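Notes follow once the structure below has been shown.
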2 protein chains.
Amino acid sequence: MDALTIHEAAETTGWSPRMLRYIERMGLVEPERSTGGYRLFGPGELQRLRTLRGLLDEQGLALGEVGFARRLQHDDVLRTAVEDWLEAEPARPAHVPVDDWLTWEQDKHERLVAEAARRADTTATTNLTETL
Amino acid sequence: MDALTIHEAAETTGWSPRMLRYIERMGLVEPERSTGGYRLFGPGELQRLRTLRGLLDEQGLALGEVGFARRLQHDDVLRTAVEDWLEAEPARPAHVPVDDWLTWEQDKHERLVAEAARRADTTATTNLTETL
DNA sequence: GTAACCTTGACACGACCGTGGTAAGGTTAC
DNA sequence: GTAACCTTACCACGGTCGTGTCAAGGTTAC
């Protein structure tokens with residue numbers, strides 16, 4: 001028994017069992033499973049859960065936000081799409097040349113999306129299992 | 001008049017005036033102001049607002065999430081804290097339960113897309129290929 | 001083999017999000 | 001100078017988030 005069950009993990013991390021399942025669903029922690037399907041939290045998961053609490057408190061974050069940051073990190077298409085949009089920020093008083101590069105950026109974005117669609121959800125699963 | 005007022009901007013972007021103010025408060029767009037305080041949307045803002053709609057629909061994002069991504073980009077302390085936590089992923093033999101999260105996200109995306117389709121009339125104006 | 005624990009799924013509920021509306025008052029254009 | 005538009009601020013309302021609890025059933029340990 002080198003791994004804790006959900007109630008034991010709850011006690012040592014301060015999260016409720018309910019929240020441990022929720023956090024898992026967010027993709028923020030992925031405990032092993034016993035043959036019968038019980039979650040088994042190892043030292044890595046426990047540490048992660050404790051520091052997660054600190055992260056949320058210190059940075060004033062919500063679980064969903066950390067989950068989203070994780071998605072941003074793992075999903076290349078998503079990250080690129082968001083970054084592209086964010087990077088097109090100022091460029092206000094000067095009008096003329098901006099239009100050109102805007103449409104260029106836009107094309108770039110459409111190319112990315114098309115590529116994403118081409119290698120559909122197969123890629124999503126591949127990416128994840130790969131990185132995990 | 002080389003910049004549009006909020007109602008004019010609303011018409012050409014498909015967002016409601018209400019939402020344009022909301023989006024500004026999220027920090028996603030910063031229109032100039034007239035001396036009297038009126039918002040003035042230039043070509044850059046208008047383009048940004050149109051592509052924003054596409055970004056949300058195509059990536060299944062919420063406004064708050066894009067706003068958070070922007071915070072992540074601008075706030076070094078925040079970004080570092082989150083990245084540090086995420087990078088400490090416990091080395092784990094890849095396992096199934098990610099699927100749960102994936103299908104959940106997928107469902108969310110489908111819900112969002114469905115909703116987008118429902119208000120298709122407003123969305124029609126948002127066509128990406130349109131320029132100013 | 002049974003008590004204690006685990007699983008998923010559902011209902012519940014306050015808080016916040018996205019969105020619309022309205023009110024009270026200032027700005028712009030002609 | 002007035003009509004039409006803008007500003008901020010507040011109320012409203014369905015939907016989602018974070019969280020608890022309970023139910024029906026499977027697993028584990030002794």
Side-chain angles (χ1 to χ4, degrees), chain A residues 1-11 13-41 45 49 52-53 55-57 60-69 71, chain B residues 1-11 13-41 45 49 52-53 55-57 60-68 71 95-97 99-101 103-116 118-119 121-123:
Chain A
M1 238 189 279
D2 44 13
L4 304 187
T5 66
I6 198 169
H7 270 92
E8 296 166 332
E11 235 170 74
T13 61
W15 294 102
S16 68
R18 177 67 162 88
M19 286 312 291
L20 291 182
R21 298 196 186 94
Y22 186 69
I23 290 168
E24 179 181 2
R25 224 160 81 98
M26 295 276 140
L28 298 182
V29 126
E30 294 163 36
E32 296 281 333
R33 296 299 186 112
S34 77
T35 53
Y38 282 24
R39 288 172 183 81
L40 297 174
F41 294 82
E45 273 82 30
L49 287 167
L52 174 59
R53 161 133 312 172
L55 177 67
L56 298 185
D57 288 352
L61 296 180
L63 281 172
E65 290 175 318
V66 183
F68 177 62
R71 263 177 84 200
Chain B
M1 227 200 272
D2 46 14
L4 304 187
T5 66
I6 197 168
H7 270 91
E8 297 166 329
E11 234 170 77
T13 61
W15 294 103
S16 68
R18 180 68 163 84
M19 286 312 292
L20 291 181
R21 299 195 185 95
Y22 186 68
I23 290 168
E24 179 181 5
R25 196 140 50 83
M26 295 276 136
L28 298 183
V29 124
E30 294 172 33
E32 297 282 331
R33 296 297 187 115
S34 77
T35 52
Y38 282 23
R39 289 171 183 81
L40 297 174
F41 294 83
E45 274 81 31
L49 287 167
L52 174 59
R53 166 89 72 194
L55 178 67
L56 298 186
D57 289 352
L61 296 179
L63 281 171
E65 289 175 316
V66 183
F68 177 62
R71 263 179 81 202
H95 243 325
V96 189
D99 281 345
D100 222 21
W101 170 69
T103 48
W104 181 61
E105 282 297 327
Q106 181 65 25
D107 289 347
K108 179 181 169 193
H109 183 237
E110 276 162 11
R111 282 199 306 279
L112 281 163
V113 165
E115 188 191 355
R118 184 160 42 70
R119 43 160 211 236
D121 43 328
T122 3
T123 318

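So that the names make sense, note that chain A is the first sequence line, chain B the second, and so on, each numbered from 1. All heavy atoms count here, side chains included; hydrogens, waters and symmetry mates do not. All of these numbers come straight from a predicted model, not from anything done at the bench.
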>> Once pairs are restricted to Watson-Crick or G-U wobble with both distances under 3.5 Å, how does DNA chain D read as a dot-bracket string, [ ] for crossings and | for other-strand pairs?
In response: ||||||||||||||||||||||||||||||
> Would a 4.5 Å heavy-atom cut-off, applied to side chains only, mark B/T13 and B/L20 as touching?
Replying inline: yes
> What residues form a side chain to side chain contact (heavy atoms under 4.5 Å, CB included) with B/R25, not counting sequence neighbours?
Replying inline: B/Y22
> Rounded to whole angstrom units, what separation is found between the CD atom of A/E8 and the P atom of C/dC5?
Replying inline: 9 Å
> Base, sugar-phosphate alone, or nothing: which one does B/R25 contact when heavy atoms must sit under 4.0 Å apart?
Replying inline: nothing
> Just how far, in rounded Å, is C1' of D/dT8 from CD of B/E24?
Replying inline: 12 Å
> Rounded to the nearest 0.5 Å, what separation is found between the CE atom of B/M19 and the CD1 atom of B/I6?
Replying inline: 11.0 Å
>> Distance check needed: C/dA29 P versus B/L4 CG, whole Å only.
In response: 13 Å
> Are B/R39 and B/R21 side-chain neighbours, meaning at least one heavy-atom pair lies under 4.5 Å?
Replying inline: yes
> Whole-Å distance between D/dG20 P and A/I6 CD1?
Replying inline: 12 Å
> Between C/dT7 atom P and A/E32 atom CD, what is the distance in whole Å?
Replying inline: 14 Å
> With B/R71, which residues qualify under side chain to side chain contact (heavy atoms under 4.5 Å, CB included), at least two apart?
Replying inline: A/L61, A/E65, B/F68, B/L78
> What are the two closest heavy atoms between B/A10 and B/S16, and how far apart are they?
Replying inline: CB-C, 4.1 Å
> B/F41 versus B/L49: any side-chain heavy-atom pair under 4.5 Å?
Replying inline: yes
>> Please compare B/R21 and B/M26 by the position of their nearest nucleotide in DNA chain C and report the one closer to 5'.
In response: B/M26
>> I need the CG-C1' distance between B/L20 and C/dG20, as an integer number of Å.
In response: 14 Å
> Could you state the CZ-C1' distance from A/F41 to C/dC5, rounded to the nearest angstrom?
Replying inline: 14 Å
>> To check you understand the geometry: which heavy-atom pair defines the closest contact between B/E45 and B/E30, and what is its length?
In response: OE2-O, 3.5 Å
> Any idea which of D/dC5, C/dT7, D/dT7 is nearest the B/R33 side chain?
Replying inline: D/dT7
Under 3.5 Å, N/O pairs linking protein and nucleotides 21-23 of chain D:
| unit_1 | atom_1 | unit_2 | atom_2 | d |
| --- | --- | --- | --- | --- |
| D/dT21 | O4 | A/R18 | NE | 3.2 |

> Can you check the A/L63 CG to C/dC17 C1' distance for me, whole Å?
Replying inline: 17 Å
> From the list D/dC5, D/dG20, C/dT19, which nucleotide is the closest neighbour of the side chain of A/S16?
Replying inline: D/dG20
Table of protein N/O atoms under 3.5 Å from nucleotides 24-28 of chain D N/O atoms:
| unit_1 | atom_1 | unit_2 | atom_2 | d |
| --- | --- | --- | --- | --- |
| D/dG26 | N2 | A/Y38 | OH | 2.3 |
| D/dT27 | O4' | A/Y38 | OH | 3.4 |
| D/dT27 | O2 | A/Y38 | OH | 3.1 |
| D/dT28 | OP1 | A/S34 | OG | 3.1 |
| D/dT28 | OP1 | A/G36 | N | 3.2 |

> Looking at CG of B/L55 and CG of B/L63, how far apart are the two atoms once the value is rounded to the nearest 0.5 Å?
Replying inline: 9.5 Å
> Taking only side-chain nitrogens and oxygens of B/R39, does any of them come within less than 4.0 Å of OP1 or OP2 of D/dC5?
Replying inline: no
>> I'd like to check the side chain to side chain donor-acceptor pair (under 3.5 Å) partners of A/E11; sequence neighbours left out, ordered by chain and number.
In response: none
>> How close do B/G64 and B/M26 get, counting heavy atoms only, and between which atoms?
In response: CA-SD, 4.2 Å
